[in-house]
Each structure stands twice: as structure tokens, then as C-alpha cells.
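Right, one structure below, let's go through it.
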There are 2 protein chains.
Amino acid sequence: MEREISQAVIRRMPRYYRYLGELLESNVERISSNELSKLMHVTASQIRQDLNNFGGFGQQGYGYNVKFLHDEIGKILGLNQMHNVILIGAGNLGQAIANYVNFEKLSFRMIGLFDVNPDKIGNVFSGAEVRHMDELPEFLKDHHVDIAALTLPKDNAEAVAAELVNLGITAIWNFAHVDLEVPENVVVQNVHLSDSLMQLSYNITQI
Amino acid sequence: MEREISQAVIRRMPRYYRYLGELLESNVERISSNELSKLMHVTASQIRQDLNNFGGFGQQGYGYNVKFLHDEIGKILGLNQMHNVILIGAGNLGQAIANYVNFEKLSFRMIGLFDVNPDKIGNVFSGAEVRHMDELPEFLKDHHVDIAALTLPKDNAEAVAAELVNLGITAIWNFAHVDLEVPENVVVQNVHLSDSLMQLSYNITQI
DNA sequence: TATATTATGTTAAATGTTTGACAAAATGGT
DNA sequence: ACCATTTTGTCAAACATTTAACATAATATA
């Protein structure tokens, strides 16, 4: 019986991955949950509990091998394979995200940018030419796309998402300020910047 | 004795605010927790529980008045007052966020953009001229700043954050891919895009 | 005006998450 | 080779969050 791992745990994995990456760059060979806990300001117990969801990566009396653990978490997060990303919406945010995705070394690659605004079509950002949305079906015949990032105004987001799903896209990185209604085989990861800003605003007033 | 409200609740408030805003625009006058729960795909119990953290906004047999509740949540989130925002880092992402902040109607206003890159200084984005970081102390004498957004590479983020804190900034919206170490009177809200993308990547592999 | 219905606020139960404790295993020093 | 130390993996307790249940109060209907 497969036990599903909670999103609370998953949310923490990228952070472990980041710290381990930094340790790796500093040529640290091994680390104990206790040392790591001090570095990350979390409890050692949580680290061990989290990692154990995926199996025993450490060794008693030794701790964790940094490179090994880094690799394993990378695999867990699917970073051992390339993800082709397209972007819908070539505005300010789209350009920034295009840049960002390509900059992230290794496992994500921006391979296409789409928009409906004639002024944008043909421009080149981060090495990709902006194409018209109408070209998307044809594009998808020739290219395997793992993730579509939605960086467009919220008014069009729901319709575009529906279209993407129709065309077989199963993972959406959503920057539009709406909650997309998609079939359950489609994964949506929201980045709601307003929500984040409002949470900050709330916390300001609490000090 | 003030009971602190959990961040789990706070994270949901902006979403309520958004849905209520949409209802308001659709001229819906009242709504029950049950109707709202269907709209938002959460339990009615959670909605009532969440709202009750801040006081009784509804009425038995009637439900909640949309406009009133929207306003109250706005106040809770601090949206009834203007927040002046500056941005550190006028790259791609900085420009996008500058645009974004100004676009958010009402309570946030981008009043200054800073960078160290000579090529960027003097450019105008979203109505604000990019100034050199050296001008920041002087700028802060003349302007009240509520929030500093960090849209710069991670290597400089920690140092810049320290400088901001020194200059009296107490709220940071952090887009850099590091965890900032700040005094406890300073609020940091992280937007770690890589983490979000990795979480998506994980969830893709789980389907 | 009386009664059935609706729907909140709140209590308690159920569920989920985090932390503490410790046996067992490996390491490292002598 | 032995023993003290380190440190994991895991169990159980503590804590937090979510959901269900329901008494109470207001509304709506007849």
C-alpha cells in the first residue's frame, strides 16, 4: 500500500535541496541532521522524519553523505530529467519568468513563448521567439512540453488553461490571479503574488 | 490574552478576499458559508472557523453580507492603508514586479527602484526612475517606505537585506533564492520561484 | 403571529503534523 | 579489539488543524 506523502513535506524538500547544494559547493562531505537543523533553523527530528518518508539515506554514527542525499532529493523532485517549459503570455512577467526558468541550471528549459498580442509576436526573449497562440497546436506536435507557465492577465487564464488541457498539457505553473478548474489528472502549481503581498501586509501590522 | 492567529489561517484570507471581491463585482449581496464553500472548494466549517478568528461577521439565518465581509477582511489584511514599496534590483523580474505592484489597485504603490548596475540607472520603469543604491539612505529620509522587494541575484541579497534593515526597513518581500537572516522585528515574505517549480515537478511525477 | 427553515458561532471529535525519546547501529579513538 | 560517542530510523506523545455536530438565533413563509 503506497502511502501518499503530504504536501507539507514536499514543500520542504526544495529547501533541503538548496542547502545541500550549498554544502556541496563548499565541499562538505557529510552532515548530521543536528548540524543541518542548526543551519536551517528547523528541528533535527523534522529533518529525519522528512527524509525517512522516502527511505533511509543516512547512516547511524555517520550522518548523511551530502552528495548522495543531494542527488537523491534531486531524483525525488524529478530534477534528474529535463522538463520542457512553454510560457503563455509574453508580457513583463512572462519575460522575467522565461529568463528565470532558463537560468535555473539543469532540469528546466524554456522552449517556447506564446502570446496573442501582435506587437509581441516575433520578438525574441531568452533565446525564444514569441509565437502566436494559434501556432500552439502545431508546436505541440513537434515538441514535447512538460509544463506550461501561465503569465497572462487573469481574464484569459481560465480559457487558455482549458485550451492547454485540451491539447494534452498536464502541468500548469499558474501566475494568473485565479484558481483554475482543471481535470484531476492535471497538476496546477499556483504563484499568487497578490496573496503573498497581502500576507506580508498582514504580518507587518502584527508586530 | 491575545491568541495569535496561525499562518495557516492567514494564508487563506487573501483567497477569501479575492472571491468576495468577485462576488461584489457580480453584485451578490449576501452569501452563506455553505454557498461560498462550494464556490471555493473548501469546507463550510473551515470558512466559519477561519472568519471567527477575527470576530463574528455573519448572522444566523442570513449568512454574510458580501460587502461588509470583504471590507473587514481588507482591514484585517491591512489593505485599508497605502503601502509604499521600493524595489531593489531593476532586472527583468524587478520590472515585472514593479509593474505588478502598481497594477494591484489601491493599497500598494511602487515609489522607488534601485540597482547598482550603471546601465540600468536612469531608466524609467512603471513611472519610477532607477536610482543607484547609494542614493537609498537619502531617499529614505524623504520617503516613508513600508516594504522593500528584493528582486536581485541571491549573492547580493543577504548583504542588501542587512543594509535595508540598518536603514530601518522592517518588511521585505524576498524573491532572491536565499533565506534571509534578519532581526525578529523584521518581517520577511519569501517568494521562492524555484521551490514552487520543484514542487510542481514532484507532483508531475506522482500522477 | 406562529412555525419551518436557514445558517451562524462554537464545542468536540477526528485527523494531520511536529517534536521528543530511545533502541540499535555505525564510527572513531585508544 | 574494545568502548565511548555519535547519530540514525522510528515510535509515541504533544501539538495544531480540520471537520463534524449542534444549540441558538435570525429569517422567511404562510
Side-chain angles (χ1 to χ4, degrees), chain A residues 1-16 19-20 23 28-73 76 199 202-203 206, chain B residues 1-16 19-20 23 28-73 76 199 202-203 206:
Chain A
M1 179 177 77
E2 291 273 313
R3 214 179 47 68
E4 185 152 341
I5 291 157
S6 82
Q7 290 292 310
V9 174
I10 302 307
R11 257 193 304 277
R12 285 192 290 267
M13 298 309 287
R15 187 152 181 266
Y16 294 135
Y19 275 85
L20 288 165
L23 288 168
V28 177
E29 199 181 83
R30 58 183 259 194
I31 193 158
S32 69
S33 59
N34 197 36
E35 292 169 289
L36 190 56
S37 82
K38 275 169 195 148
L39 216 59
M40 296 184 65
H41 303 297
V42 297
T43 63
S45 187
Q46 178 163 79
I47 293 173
R48 295 203 299 277
Q49 194 82 264
D50 281 351
L51 297 179
N52 253 86
N53 281 293
F54 304 99
F57 300 130
Q59 201 153 53
Q60 282 146 322
Y62 174 88
Y64 299 90
N65 179 283
V66 172
K67 172 146 182 38
F68 175 71
L69 186 56
H70 183 259
D71 284 358
E72 288 300 311
I73 295 179
I76 289 164
Q199 198 182 340
Y202 172 85
N203 286 324
Q206 294 317 104
Chain B
M1 179 177 75
E2 291 274 312
R3 213 180 47 70
E4 185 152 341
I5 291 157
S6 82
Q7 290 293 311
V9 174
I10 302 306
R11 256 194 304 277
R12 286 192 291 266
M13 298 309 285
R15 187 151 182 265
Y16 293 136
Y19 275 85
L20 288 165
L23 288 168
V28 177
E29 198 181 85
R30 60 183 258 192
I31 192 157
S32 69
S33 60
N34 198 35
E35 292 169 290
L36 190 56
S37 82
K38 275 169 194 148
L39 217 57
M40 296 183 65
H41 303 299
V42 297
T43 63
S45 188
Q46 180 163 78
I47 292 173
R48 294 204 298 279
Q49 196 80 265
D50 281 350
L51 296 179
N52 253 85
N53 281 293
F54 304 98
F57 300 128
Q59 200 151 53
Q60 283 147 322
Y62 173 89
Y64 299 89
N65 179 284
V66 172
K67 171 144 182 39
F68 176 71
L69 186 55
H70 183 260
D71 284 359
E72 288 301 311
I73 295 179
I76 289 164
Q199 199 182 339
Y202 173 84
N203 286 325
Q206 294 318 104

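Source: prediction; values computed, not measured. Per chain, numbering begins at 1; letters A, B, ... match sequence-line order.
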Just distance, no hydrogens or angles: give the donor-acceptor pairs under 3.5 Å from side chains in residues 54-62 of chain B, sequence neighbours left out.
none

| salt bridge (charged side-chain N to carboxylate O under 4.0 Å, His left out): pairs with one or both residues in residues 45-70 of chain B, sequence neighbours excluded | R12(B)-D50(B), K67(B)-D71(B)
| request: Using atom CG of L51(A) as one end and atom P of dT8(D) as the other, report the distance to the nearest whole Å. | output: 9 Å
Would you mind reporting whether [Y] and [X] have side-chain heavy atoms less than 4.5 Å apart?
| X | Y | answer |
| --- | --- | --- |
| F68(A) | I73(A) | no |
| L20(A) | V28(A) | no |
| L69(B) | L51(B) | yes |

| request: Working to the nearest 0.5 Å, report the span between CD of E35(B) and CD1 of I47(B). | output: 10.5 Å
| request: Nearest 0.5 Å please: distance from the NE2 atom of H70(B) over to the CD1 atom of I31(B). | output: 13.0 Å
What N/O pairs connect the protein and nucleotides 15-18 of chain D at under 3.5 Å? Give each pair on its own line.
from: dT18(D); atom 1: OP1; to: R12(B); atom 2: NH1; distance (Å): 3.1
from: dT18(D); atom 1: OP2; to: R12(B); atom 2: NH1; distance (Å): 3.1
from: dT18(D); atom 1: OP2; to: R12(B); atom 2: NH2; distance (Å): 2.8

| Does the pair M40(A) and Y16(A) meet the rule for a side chain to side chain contact (heavy atoms under 4.5 Å, CB included), with working shown? | CA-CA 8 Å; M40(A) 296 184 65; Y16(A) 294 135; 3.5 Å; yes
| field | Stepwise side chain to side chain contact (heavy atoms under 4.5 Å, CB included) check, N65(B) with R30(B) | value | CA-CA 4 Å; N65(B) 179 284; R30(B) 60 183 258 192; 5.6 Å; no
Listed partners of [X] passing side-chain contact (heavy atoms from CB on, under 4.5 Å), at least two apart:
| X | answer |
| --- | --- |
| N34(A) | S32(A), S37(A), K38(A), A44(A) |
| T43(B) | S45(B), Q46(B) |
| N203(B) | Q7(A), V187(A), Q189(A), Q199(B) |

| task | For M13(B) and I76(B), work out which heavy atoms get closest and say how close. | result | CE-CD1, 4.4 Å
| message | Using a 4.0 Å cut-off to any heavy atom of chain B, which nucleotides of DNA chain C are the first and last in contact, reading 5' to 3'? | response | dT6(C) to dA12(C)
| Near DNA chain D, which residues from residues 28-42 of chain B have a heavy atom under 4.0 Å away? | R30(B)
| said: Heavy atoms within less than 4.0 Å of DNA chain D: which residues of residues 55-65 of chain A have one? Give them sorted by number. | reply: G56(A), F57(A), G58(A), Q59(A), Q60(A), G61(A), Y62(A), G63(A), Y64(A)
| request: Can you pull out how bent the helix from dT1(C)-dA30(D) to dT30(C)-dA1(D) is, comparing the axes over its first five and last five pairs, to 10°? | output: 20°
| request: Could I get the full list of salt bridge (Lys or Arg N to Asp or Glu O under 4.0 Å) partners for R15(A), not counting sequence neighbours? | output: D179(B)
